[in-house]
Amino acid sequence: MANATSIFLMTLSLVLNSFCSMHGQNEAIRSGSLIPYTVFSTENNNLSLSSVIADSNKFIDPKEISEKTRPSTTYWLKYDFSEELDRLKSDTLWFLRTYTFEYASVFKEVKGSITETKIGRFEGVKNPSSKLYNGGIPFNSDSLIDGKYLFVKLRRVVYYDQVSRWKAHYVTSLQNELYQSYYSGSDLNHMTPVFTFAGICLVIFILTLVFYLFSRKPEFLFYSLYVLFLFFFLSSDILNLHELFFGDYNLNTYTFFQIAQVLVNFFYILFVMHYLNTRSEYPKLHMALKIIAMVLVVIIIGSAILLLTRSFLGNIYILDLERIIMTIFGLVGMIYLLVKTKDKLGYFIVIGSFLYMAGALGLLFFKVRAYMIIGSSLEILIFASGLTYKMHKENLDKLRFQKESMANENRALRAQMNPHFIFNSLSSIQNLISSGKKEFAVKYLNKFSLIMRNLLESSFDTNIILSEEILLLEKYLQLEALRFNESFDYEITVDKELDPDAVEIPALLVQPFVENAIIHGLLNKPDGNKKLHIHFSKGEASVICTIEDNGIGRKASSERTSIYERKNKSRGIQVTKKRLELLNPKQKDTILFTDKYDSDGNSEGTIVTIKISTD
C-alpha cells in the first residue's frame, strides 16, 4: 500500500512538473522584444498620416504624459524599429502585439504605398480564438514607413487610461501562434477565478430562479437577475459571451455589457426591498431605495443613449456618478441597518454589501478584476445564506402560526363542549333539589365544582398530561354515577408501558365517547350489570384509548330514544372528530367503533378505539 502511494505521488509530481514546465517554456518562448514608441496627441481626429509625420517633433515619450486619456483625444503612436532592422530581415513575417483599443488603425507600407488597416474592436475586427489576446498586427521589414516606423492611430473611449501603459513588443509567427493556441501559468491564474465565479453565478442563478418558480417570492426573482447580470458584467470577455449572444464584439455589444453593471445595482436594490420587506419594516429606507431605483433607471436609459450616439465622455461621467451614488448610499445604508435592523436578515445585507463594495472599489482603483470577483463571490454566498435563513425563519413562523391557529381552534371546539356538560350537571342538581335529595345535591355540587375548577385551570392550555385527563374522567364518572343512582360500574386502567405523567393529550378528548357509552349504551339496558371499562395503552407515536361497555349496542340504541338524550346528542362526537383531525390531519381511522356479539348474534355492547397522536 505504501509503495503504491509513493508511485502515485511520484507520478503526480512528474505530471505537475511537466505541466508547469511546459507552460513556463511557452511563456518564455512567446515573449518578444519590447519596441520603444513615442506619442502625439490631438483633438483633431481627421489629421492625415502625412500631416502627423510632418509634425514629428510633436511626438514625445509616453512617460511625459501624466494626464489620463479622454474619449475625444486621438493618439498617434510611432513604433521605432531602428535598432531591430537586422533581426527583422531574418524572417518574412512578424507580429506587433499591443493593447486592444476601441477605435484603432495601423499604417504601414505595402508595395511602395501607405495603407491603413482597421484594428479596433468597435470597427468589426474579428476576435481570434484566444480569450485573452488579440491576433497581433502582421508586418515585415518592408512594411516599415521610412524604413523604420509603424504608426498606430487610436482612441480610448470606454474609460480613462494611462498612455505609458501601452507597451508593445514584436514576435515571430510561432510566438504569435502560442498566444492564440496556448495559455501560460499566469494566464490560467488570471482565468481560473473568472471560470470559478461564473460557475458559482450560474448555479446560484438556476437555484434561485427555481425557488422563485415554486414560491413566487419576488426576492428570489430579483436575486437571480442580480446574479445573472453580475455574471455578464464580470465574465463576459473571458467567456466570449459577446460572440454567444451578439456574434461579435462591437459598440452594441459593449453597450449591453456596460449597462449590465448598472442593472446589477438595480436588481440588488429590488432584492433588498423585498428581502427586508422595507415597505413595512423600514419605511424610510424603503423610500430611499425607491428613489435610488428610479435614479438607476434614468442612468440605464441615459447610458444607452450616450453610448449609441457615441457620446463616450458623457457615458463615463454618468457611470462615475452612478458609482459615487451607490458608494455613498451603500455606506449610509449599511450604517442605518446596523443601527436599526430588527432581525438577523439585516446583518446578511450589511455583510454582503460591504464585501461587494470592497471588491468594486478594488476594481475601480487598482484595475484588478480578482478583487471584484472575490468580493462578489463572497457576497453571493452571503446573500444565498441569507435567503436560506429567511426561508427557514418563514417556515418556523408558519409552523408557529399553524400551531397557534390549531390551538385556538382546539380551544374553540373544546369551549363548545363545556356548555353541554355544565347544562346537564346543573339540570341534575336542580332535579335532586326539587326531589328533596339535598344530601345528594350537595355531593353532586361539590364534585361538580371540583371539575369546573380543573376545567378553568386548564382552559388556557391546549394539552394536559394524561394523568390529569384521567383524573377529570374519574370525577366526571363519579358525577354521572351519582346522577344515575350508581346504576353502572366503571373502571379506568393504564398499560404498564405507558407513563401517564410523561404524555400530553388534548383535554376532555375522551369524555364525549364516555358520555355516549353511558347515555346510549348502559342506561338503555333494562337489566343485568352495567359495566364501563376505559383503558389507555401506548401506540406508535400515539396513545390508544379503548372505551368498552356492555350496553345494548349501537344498532339497538339507534332504534330507541333515551330519556336522557339531548336534542344535539352528536355534537360532542362531531367536535371531538374535528379535534382529532386538527391534531394530525394526515392520520386516518383515528376513531374505530366495534360492535360485540355473543355466539347467538345478540349484542353485548360496543368498543370505541381512539388513536390520539402525540407527535
Side-chain angles (χ1 to χ4, degrees), residues 191-242 244-245 256-257 259-279 281 289 293 296 300 326 330 333-334 337 341 343-360 363 369-400 402:
M191 291 192 297
T192 299
V194 178
F195 279 103
T196 304
F197 174 75
I200 293 172
C201 285
L202 290 177
V203 170
I204 297 296
F205 167 72
I206 293 171
L207 287 177
T208 50
L209 188 60
V210 169
F211 278 127
Y212 166 71
L213 294 175
F214 279 99
S215 67
R216 295 296 174 180
K217 293 182 180 296
E219 57 264 40
F220 285 98
L221 174 62
F222 294 131
Y223 186 67
S224 66
L225 292 173
Y226 161 75
V227 172
L228 178 64
F229 281 97
L230 196 58
F231 163 74
F232 285 153
F233 174 55
L234 288 178
S235 58
S236 60
D237 55 342
I238 299 298
L239 299 181
N240 287 342
L241 297 180
H242 50 279
L244 179 64
F245 293 108
F256 172 79
F257 289 106
I259 290 175
Q261 65 177 303
V262 187
L263 287 171
V264 168
N265 292 325
F266 176 71
F267 287 116
Y268 166 76
I269 293 295
L270 296 181
F271 161 70
V272 171
M273 291 172 68
H274 289 85
Y275 176 75
L276 294 179
N277 190 20
T278 54
R279 183 186 296 275
E281 299 294 332
L289 289 170
L296 290 176
I300 290 170
M326 291 307 300
M334 285 189 289
L337 279 177
T341 188
D343 51 34
K344 293 180 180 178
L345 296 179
Y347 294 123
F348 282 102
I349 295 295
V350 171
I351 296 172
S353 299
F354 174 78
L355 293 171
Y356 176 80
M357 184 178 297
L363 175 63
R369 178 165 30 188
Y371 293 147
M372 183 71 173
I373 287 176
I374 293 172
S376 299
S377 298
L378 293 174
E379 181 257 9
I380 286 174
L381 296 176
I382 291 293
F383 283 172
S385 301
L387 282 171
T388 304
Y389 172 78
K390 184 179 182 182
M391 289 175 59
H392 175 69
K393 183 175 179 292
E394 288 178 347
N395 285 334
L396 290 179
D397 291 340
K398 184 178 180 181
L399 289 174
R400 188 180 74 252
Q402 287 178 344

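This structure is a prediction, so every number in the text was calculated from the model and none was measured.
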Can you name the nearest heavy-atom pair linking Val194 to Ser235, along with the distance? CG1-CB, 3.5 Å
Validation row: Phe220, Leu209 side chains within 4.5 angstrom (heavy atoms): no
Would you give the length of the straight line joining atom CD1 of Ile204 to atom CG of Leu228, rounded to the nearest 0.5 angstrom? 13.0 Å
Hey, does the Lys NZ or Arg CZ of Arg216 hover above the aromatic six-ring of Tyr212, less than 6.0 Å from the centre and inside 45° of the axis? yes
Quick check: are there more than 12 heavy atoms from other residues, nucleotides or ligands sitting under 6.0 Å from OH of Tyr371? no
Working to the nearest 0.5 Å, report the span between CG of Leu241 and CZ of Phe256. 9.0 Å
Does the side chain to side chain contact (heavy atoms under 4.5 Å, CB included) test come out yes or no for Lys393 and Asp343, once each step is laid out? CA-CA 11 Å; Lys393 183 175 179 292; Asp343 51 34; 4.1 Å; yes
Taking the inter-plane angle between the rings of Phe383 and Phe271 on a 0 to 90° scale, is it parallel (under 30°), tilted (30 to 60°) or perpendicular (over 60°)? tilted
So salt bridge (Lys or Arg N to Asp or Glu O under 4.0 Å) across residues 269-279, not counting sequence neighbours, yields none
Using side-chain heavy atoms (C-beta onward) and a distance below 4.5 Å, is Leu276 in contact with Leu337? yes
Less than 4.5 Å apart, any side-chain heavy atom of Met372 and any of Phe233? yes
Is a side-chain donor or acceptor of Tyr223 paired with a backbone partner of Ile380 at a separation under 3.5 angstrom? yes
Do you know the tightest heavy-atom contact between Val227 and Cys201? CG1-O, 3.2 Å
Heavy-atom pair with the smallest gap, counting every atom of Gly346 and Thr341: CA-OG1, 3.4 Å
Would you compute the distance between atom OG1 of Thr196 and atom CD1 of Ile200 and round it to the nearest 0.5 angstrom? 6.5 Å
Distance (rounded to the nearest 0.5 Å) between Asp237 CG and Met191 CE: 11.0 Å
Flag yes if more than 12 heavy atoms outside Phe211 fall under 6.0 Å of its CZ atom; otherwise flag no. no
Centre-to-centre under 6.0 Å for Phe231 and Phe205, is that the case here? no
Could you walk me through whether Tyr356 and Ile382 pass side chain to side chain contact (heavy atoms under 4.5 Å, CB included), step by step? CA-CA 10 Å; Tyr356 176 80; Ile382 291 293; over 6 Å; no
In this structure, CG of Leu363 is separated from CG of Leu234 (nearest 0.5 Å) by 7.5 Å
Determine whether the aromatic ring centres of Phe245 and Phe232 lie less than 6.0 Å apart. yes
So which atom in Phe222 and which in Phe267 form the shortest heavy-atom distance, rounded to 0.1 Å? O-CB, 3.7 Å
Under 3.5 Å, side chain of Lys390 to main-chain N/O of Tyr275, donor-acceptor pair present? yes
Residues Glu379 and Tyr268: side-chain donor-acceptor under 3.5 angstrom: no
Enumerate the residue pairs fulfilling salt bridge (Lys or Arg N to Asp or Glu O under 4.0 Å) with a member in residues 262-275, sequence neighbours excluded, ordered by first and then second residue. none
Take Met334 and Met357 through the test side chain to side chain contact (heavy atoms under 4.5 Å, CB included) and record every step on the way to the result. CA-CA 11 Å; Met334 285 189 289; Met357 184 178 297; 3.9 Å; yes
Can you see which heavy atom on Ser224 is nearest to which on Thr208, and at what distance? CB-OG1, 3.1 Å
Can you find a pair of side-chain heavy atoms, one from Leu387 and one from Lys217, that are under 4.5 Å apart? no
For Ser376 versus Leu230, what's the shortest heavy-atom pair and its separation? CB-CD2, 3.7 Å
Should we say atom CZ of Phe354 is surrounded by more than 12 heavy atoms from elsewhere, each under 6.0 Å from it? no
Using the rule given for side chain to side chain contact (heavy atoms under 4.5 Å, CB included), can you reason through Met326 versus Ile269, listing the C-alpha separation, both sets of side-chain angles and the distance that settles it, and then say yes or no? CA-CA 10 Å; Met326 291 307 300; Ile269 293 295; 4.2 Å; yes
Could you measure the distance from the CD atom of Gln261 to the CD1 atom of Ile300? Nearest 0.5 Å is fine. 10.5 Å
